[in-house]
Each structure stands twice: as C-alpha cells, then as structure tokens.
Undergrad: 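Have a look at the structure that comes next, please.
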Amino acid sequence: MGYAVLHLEKAKGADSGMSAHIERTIQPKNADPTRTHLNRELIQFPDGVRNRTAAIQHRLNTAGLKRKIGKNQVQAIRIVLTGTHADMEQIEQTGRLDEWCQDNLDWLRKTYGADNVVSAVLHMDEETPHIHATIVPIVQTERKKQKKEQTAKKRYRTKAPSPRLCADEVMSRANLIRYQDTYAEQMAAYGLQRGIKGSEAQHISTHEYYRSLIAQGEDLQANITQLLEEQEKAREVIAEAEQAKKDLARIKAEAKTEELKISATKTAATALNGLNFLLGGNKVSRLEKENAQLHREVEDLNGQIERLHIDMQKSKDNHARELNRINEQHLQEVSNLKRIIDKAYKWFPTFKQVLTLERECKEYGFNEEQTDKLVHGKPIQYNGWLHSNEYRRNTLANNVTAQIVREIRTLVLQINDTPIVMWFKEQFGIGQSEAQRNGIRR
C-alpha cells in the first residue's frame, strides 16, 4: 500500500516563474516533451482570464478585500497532489485517472473553498502523474487581535468578519496536519495511505532539485566510466577462469594415462611371478631383481599420482571459489550498472530521448539505416507509408524530408520542418473543419 503525497508551498507576488513551469512555456529537464500534449488544465478559467497568473489576480480583485495587499505578502499557495509512483501507474493503467483527478478537485474545493481554487493542472510528461494546484488564501474568519487590542476596552459594536488575505492561517500547523489527514481519507479508495506523522523528511524546491541533478549527474558520469572499466576487468578474470577449466581437463587426461601405465606394470609383475615358477636358476634371480625394481617404480608412480590427485583437488576447489567470487562480483556490477543507467535515464533526459526517438522512428516505419541517419541528426528523403501509434492509422508520405532537430533542450522528429505529431494531425485532418478535411480528401 503506497502513500498519498500532499505538499504545500507559499508563493510571493504573481508567481509567474512557477506559472511558466506549470504551463510548460519553459520546458523543465525532467519532462518528456513527447508526452507534454497529455497535460491538461482541470479548472476552467473565468471569462477574460487566460493563464494561472491572471487567475490569481482575478481572485484577488473579486474577493472583496478591504486591506491593501502588502508588497511581500503571500498571494498564492502552490499545492502538489500525487501518490507513490507504483500506485499512480496502477491508477493510470486501470483507467481511474480521471476519477482520481475529480476526487482531488472535490477535496481542494471542500478544503479551501471553490472560489479560492484558481488552477489545477495534471502533468503527465514527468515520471509520476501529479497535479499542480493553486489556491488564493482568502479567509472569512476574524483577524487575531494583538495583545493591546485584546486588553483594550470595547467601545464599538463587533463587526461581521470580512474577507481577508492570510496565508499564515491557511498554513497553520493544526491546519497542515488536518489537510494530511483528510487528503489521506479521500485517497484511501485508491490504496493510498497517510504518510508517517512527525516524519523529519523535508521537501526541497524545484530550483534546488535541478541544481542537485546537475551535481549528481557529473558524479554519475564518472561512476559509469569507472564501472565500465571494472566490467572489462571482470571479463578478463572470466577468461582466465575458462583457461583454468581447460588446464584442469588436460591434467585429468594426463592422470588417466598414468593410471594405464600402472595397470600395465601390475600385469608385467604378475607375468614375472609365473616365469619364476617355471624357469628357476639365475635367470629367475635376475627377473626377481627386475621385478623388485619395477615394484619400486610402481610405488613411486603411485606416490606421484596421489600427490597429483591432491593438487588437482586443490586446483578444483580454488577454481570453484574464484569462479563463485567472480560470478557474485559480476552480478553485483551488472546490478550497479543497471541502477546507474536507470538514474542516467532520469537525470539526462536527452539520453533517454535519443533511445526513445530511435524506437519511435522504427515504429513510424523507417528502416534500420534510415533510423541510424536520423538519430545522428542527418536529414533523409522518404517515400512510403508512415504509421501513427497515437491514431493507429497509416498515411502515405510522398517524397518528404525527415530530420531530428533540437528545440529548446529537446529533440523532435520533423517531417517537412513540421513536428511529426502535428504532421500526422494535418494528414488525418484532426483539429480542422469539415471543409478543410474534405479538401484534404479531394
């Protein structure tokens, strides 16, 4: 069972920098530009309001505030709503993402007031689906009085509380605890539970997150180089182990030859004993001496063979231990390499984009040679069918020019200087009027 993630952060001024991040007017490093079109605004802006920054100002203008807004006063609160990565993937794969978004909107409106929730954007182009919500901290409660006001004698009739801008009241410690409790209750239907109360874990800002990515990326590059060197050494050790196997097989063959020699010697000794019985005399004495000499040689051979067996057993044991050590080291290094490559995908989006574009080029219909040229940034002339997985349709491309180009820190496959996603839309007449589509068919 995963965790529900709820993070609140105060924003000063118009917060236009975060608006650029949320609305993708500036492309962040950890976002996949091929999925940015899946992002969507979940709240409809009022008439005349076109973006998040204007929505914040519109709420301030129409809230009926009587006090002037201070220069450094908090005008908006950013809220990130999501869950554990594996659980969010499950929600998306089971088709419950729209239901999850609606439950989040219901909780935001119930908790902070529907008028105060001015924006909520679903991001699908990052690793984990999440919502960036924005509220304006307008409250109706009476302002807390200072000590002088509390002790002063009341001279006038108490007035009804009026709307006021107060982020400190919205983000009081008691309220923050309550938000976590009620949000976890809302998310329980999706298998998400509340985080540990009193946890010392601290959130970091987006700016600090990207700065740490750059520093860790430099260390990652050095680690990859070192790991590749160690992997090469492991290959050399494995090659030496294979050679040791061959040497052991040769030693076994030589030992078998020695055993055959011993067997022949025993047979000769038996034959000499028979001759001694039959012949007698000096000839027999000479044969007995030769037989004794043969016995001594046999004993020497037996001793050599026994020592050889001991050495062979030691060699087998050493080889087995070394082979086990090498295998364990190799598995550990492979695991480390996989973990580092996974981090490389996360920390270096361009590296992942190249691999993604290579796969997509083949899915579109380009062959191996054409894909290789495209990945290296070379333009190619193409004449044939191209397939769109998004629309599950084919379209004929007559003598078009295809090329992968860099656009704002991302790589995009273009057909005739048009991103292929837009090119497919033009070919299929998506987003065009009926007359325009009829013109395309003609």
Side-chain angles (χ1 to χ4, degrees), residues 4-19 21-22 43 49 52-82 104-121 130-152 154 156 158-187 194-209:
V5 178
L6 175 68
H7 175 53
L8 285 80
E9 184 179 2
K10 294 179 180 179
K12 294 183 179 180
D15 202 26
S16 57
M18 181 54 67
S19 293
H21 169 83
I22 293 174
I43 294 179
V49 176
R52 172 180 176 271
T53 301
I56 294 172
Q57 190 60 48
H58 179 269
R59 174 55 180 155
L60 294 172
N61 294 340
T62 58
L65 300 177
K66 296 182 179 180
R67 288 175 173 263
K68 182 179 179 180
I69 298 175
K71 182 177 180 181
N72 294 324
Q73 192 170 0
V74 175
Q75 300 180 17
I77 296 175
R78 311 166 187 157
I79 304 179
V80 177
L81 309 101
T82 183
N104 275 271
L105 290 179
D106 293 343
W107 179 85
L108 286 167
R109 289 165 175 156
K110 179 180 178 182
T111 304
Y112 303 105
D115 292 337
N116 289 337
V117 183
V118 298
S119 174
V121 178
H130 59 277
I131 294 175
H132 280 282
T134 304
I135 67 167
V136 177
I138 304 293
V139 298
Q140 294 286 343
T141 57
E142 185 177 355
R143 182 172 63 91
K144 291 184 179 179
K145 297 180 180 179
Q146 299 180 358
K147 287 185 178 180
K148 291 182 180 180
E149 293 177 315
Q150 291 174 351
T151 57
K154 294 184 179 179
Y156 303 99
T158 303
K159 297 180 180 180
S162 59
R164 58 192 180 88
L165 184 66
C166 186
D168 289 339
E169 182 172 327
V170 174
M171 292 189 67
S172 67
R173 179 171 179 80
N175 280 336
L176 291 176
I177 294 174
R178 179 172 60 85
Y179 299 155
Q180 297 291 344
D181 292 338
T182 58
Y183 184 64
E185 292 173 1
Q186 188 83 357
M187 293 295 104
R194 191 196 192 287
I196 301 172
K197 289 189 177 182
S199 172
E200 297 180 359
Q202 296 182 353
H203 295 280
I204 62 173
S205 66
T206 304
H207 174 73
E208 292 171 337
Y209 171 72

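Positions are given from 1, in the same order as the sequence printed here. Note that this is a predicted model, so its numbers are computed, not measured.
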Undergrad: Can you see which heavy atom on Thr53 is nearest to which on Ser16, and at what distance?
TA: OG1-CA, 3.8 Å
Undergrad: Can you name the salt bridge (charged side-chain N to carboxylate O under 4.0 Å, His left out) partners of Asp181, sequence neighbours left out?
TA: Arg194, Lys197
Undergrad: Taking the side chain as every heavy atom from C-beta outward, state whether Leu6 and Ile79 have any pair of such atoms under 4.5 Å apart.
TA: yes
Undergrad: Can you check whether Ile43 reaches Arg109 side chain to side chain, under 4.5 Å on heavy atoms?
TA: yes
Undergrad: Do the side chains of Arg52 and Val118 get nearer than 4.5 Å, heavy atoms only?
TA: no
Undergrad: Could you tell me if the side chain of Met187 sits less than 4.5 Å from the side chain of Leu81, heavy atoms only?
TA: no
Undergrad: To the closest 0.5 Å, what do you measure between CZ (Arg59) and OG1 (Thr134)?
TA: 14.0 Å
Undergrad: For the side chain of Asn175 and the backbone of Glu169, is there at least one donor-acceptor N/O pair under 3.5 Å apart?
TA: yes
Undergrad: Quick one: ring-ring contact (aromatic ring centres under 6.0 Å, His included) partners of His130, sequence neighbours excluded?
TA: His123, His132
Undergrad: Looking at residues at least two apart in the chain, or sitting in another chain, which of them share a side-chain hydrogen bond (donor to acceptor under 3.5 Å, both in side chains) with Tyr112?
TA: none
Undergrad: Check the pair Val139 / Arg164 against side-chain contact (heavy atoms from CB on, under 4.5 Å), numbers first and verdict last.
TA: CA-CA 6 Å; Val139 298; Arg164 58 192 180 88; 3.7 Å; yes
Undergrad: What heavy-atom pair brings Ile138 and Pro163 nearest, and what distance separates the two atoms?
TA: CG2-CB, 4.1 Å
Undergrad: side-chain contact (heavy atoms from CB on, under 4.5 Å), that's the test. Do Ile135 and Val170 meet it? Break it down for me.
TA: CA-CA 10 Å; Ile135 67 167; Val170 174; 4.2 Å; yes
Undergrad: What distance do Tyr183 atom OH and Leu108 atom CG have between them, rounded to the nearest 0.5 Å?
TA: 8.0 Å
Undergrad: Can you name the closest pair of heavy atoms from Ala167 and Ile77 and give their distance?
TA: CB-CD1, 4.3 Å
Undergrad: Atom CZ of residue position Arg67 - does it have more than 12 heavy atoms of other residues, nucleotides or ligands inside 6.0 Å?
TA: no
Undergrad: Identify the two heavy atoms, one from Leu8 and one from Met171, that lie closest to each other, and give their separation to 0.1 Å.
TA: CB-CE, 3.8 Å
Undergrad: Taking only residues two or more places apart in sequence or in another chain, which ones pass side-chain hydrogen bond (donor to acceptor under 3.5 Å, both in side chains) with Gln57?
TA: Asn61
Undergrad: Take Asp106 and Gln186 through the side-chain contact (heavy atoms from CB on, under 4.5 Å) test and state the conclusion after the steps.
TA: CA-CA 9 Å; Asp106 293 343; Gln186 188 83 357; 4.2 Å; yes
Undergrad: Please determine if Lys10 and Asp15 form a salt bridge, counting it only when a charged side-chain N lies under 4.0 Å from a carboxylate O.
TA: no
Undergrad: List the atom of Arg78, the atom of Ala11, and the distance in Å for their closest heavy-atom pair.
TA: NE-CB, 3.6 Å
Undergrad: Residues in side-chain hydrogen bond (donor to acceptor under 3.5 Å, both in side chains) with Thr82, at least two apart?
TA: none
Undergrad: Identify the two heavy atoms, one from Leu165 and one from Gln73, that lie closest to each other, and give their separation to 0.1 Å.
TA: O-NE2, 3.0 Å
Undergrad: What pairs with Thr182 under side-chain hydrogen bond (donor to acceptor under 3.5 Å, both in side chains), at least two apart in sequence or on another chain?
TA: Trp107
